[in-house]
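So the structure is just underneath, and the comments pick up after that.
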Amino acid sequence: MIMSNELTAPLQRFDRLGDTLGIELLVQRDDLLPFPLAGNKVRKIDAELRALSTLPDLLITNGGINSNHCRTLAFFATRLSIDCHLVLHGSAEEASSSPALTLLQQLGVQFTVVSPGEIRATIEHLVERAMSSGMSVHVVPGGAHSPAGSKAYAEVGQEVIDEAAPDFVFLASGTGATHGGIAAAAARSVVPTRVIGISVARSHARGLQAVAEAATWAGARHCEIEFDDNFLAGGYGRSDSPTHEAVALGWKHGLPLDTTYTGKAFAGLVDYAHRGALAGSRVLFWHTGGLWNFLSALGSSRPYASEWHLSQEVDGS
Ligand SMILES: *Cc1c(COP(=O)(O)O)cnc(C)c1O
């Protein structure tokens, strides 16, 4: 919960990038919401905390070591001076080398790294321990996947769609609360807008249902969900050459993208454009964040190292 006027992010035109794709391109920059590089989890967590009658002494949640949700909750807790304990899962290798854990240490929050099978028991133990010492506790659902987050996206979705009047909205779709909220907003809008969620992890069968449920949370009754799983690139956290090409194209036009989330969504947009499905349309790309993912990847596998050395040589610097 931060001051509501801080929850605005710019809506920007990207004319040159749009021209290369034969579309009018607008970008909703939720990567610029008021915590560094955090993205859509800021709106979701803010809504989740606002829905509480009072703030607790301790916030607990779970996610992967490199989870945007967990680090955003850590930023909120630190800013609000609330204790925070994160239950993280990941490999020992990730735990020993991840810049994500260094960041959490820097923020001063507590975290425990466990195997996926131990998450539930660990959370129960932490809740019991806090309550027996008289603390109030709130457990935030993993990914902040909750009705509050979905409603927050329906509200901002309505404002942005009214202002931008796009023919299409593209975004990265994970647990589905963001996509469901924006789809609910589009269904209510007088502007006819197709909202296309590009899946970053789930197959169509599994993902569609979660997005449809989130749209219902946001108040939609008959809402057509478009959930495209053709750009998964092998699953969550993996990437392929269309993802890398989309990421490179974005950066070259001043639009920072990552390979886990926004790069896949943008690869989807590029593919629709190349197939002529968007010719002459006004397209809104909803940037959901993900820059921490990009930076962590640079720290480990350096996917752009060869290009970088090449341009250094060319520049002679
Ligand atoms: C979590 C996340 C998403 C997916 O949001 P959902 O509401 O879970 O679908 C997309 N992009 C980024 C950068 C994220 O961190």
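Every value quoted in this text rests on a predicted model; they were computed, and no experiment measured them. All ligand and atom numbering here is 1-based and tracks the order in the structure.
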*To the nearest 0.5 Å, tell me how far Leu86 CG sits from His69 NE2.*
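Output value for this atom pair is 8.0 Å.
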
Check each heavy atom of [X] against ligand 1 and say whether those closer than 4.0 Å belong to the side chain, the backbone, both or neither.
{"X": "Asn68", "value": "side chain"}
{"X": "Lys41", "value": "side chain"}
{"X": "Lys44", "value": "side chain"}
{"X": "Thr260", "value": "neither"}

*Closest heavy-atom contact between Leu255 and Val27?*
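Looks like CD1-CG1, 3.9 Å.
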
*asked:* Looking at every heavy atom in both Ala38 and Asn68, which two are closest together, and how far apart are they?
replied: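 For Ala38 versus Asn68, the nearest heavy atoms are O-CB, 4.5 Å.
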
*Are Leu17 and Ile23 connected in the hydrophobic side-chain network, where two residues link if heavy atoms are under 4.5 Å apart?*
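Linked within one cluster.
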
Protein heavy atom at shortest distance from [atom]:
{"atom": "atom 8 (O) of ligand 1", "answer": "Thr175 OG1, 2.6 Å"}
{"atom": "atom 5 (O) of ligand 1", "answer": "Asn40 ND2, 2.9 Å"}
{"atom": "atom 9 (O) of ligand 1", "answer": "Gly174 N, 2.7 Å"}
{"atom": "atom 11 (N) of ligand 1", "answer": "Thr288 OG1, 2.7 Å"}

4.0 Å heavy-atom contact, [X] with ligand 1:
{"X": "His69", "result": "no"}
{"X": "Ser173", "result": "yes"}
{"X": "Gly143", "result": "no"}

*Quick one: does Thr122's side chain get under 4.5 Å of Asn62's, heavy atoms only?*
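Heavy-atom side-chain distance check fails, nothing below 4.5 Å.
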
*With a 4.5 Å limit on heavy-atom distance, are the side chains of Leu11 and Gln28 in contact?*
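The answer is yes; the side chains approach within 4.5 Å.
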
Atoms in ligand 1 with a heavy atom of [X] nearer than 4.0 Å:
{"X": "Thr178", "value": "5 (O), 6 (P), 7 (O)"}
{"X": "Gly290", "value": "13 (C)"}
{"X": "Gly176", "value": "6 (P), 8 (O), 9 (O)"}

*Which class fits the ring pair His145 and Trp217: parallel under 30°, tilted 30 to 60°, perpendicular over 60°?*
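Aromatic pair His145/Trp217 classed tilted.
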
_Whether Arg29 side chain and His287 backbone form a donor-acceptor pair below 3.5 Å_ =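 Side chain of Arg29 to backbone of His287, a donor-acceptor pair under 3.5 Å: no, none is there.
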
_Assess, by modelled atom type and distance only, whether the side chains of Trp286 and Asp30 contain a donor and an acceptor separated by less than 3.5 Å._
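The answer is yes; a qualifying pair exists.
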
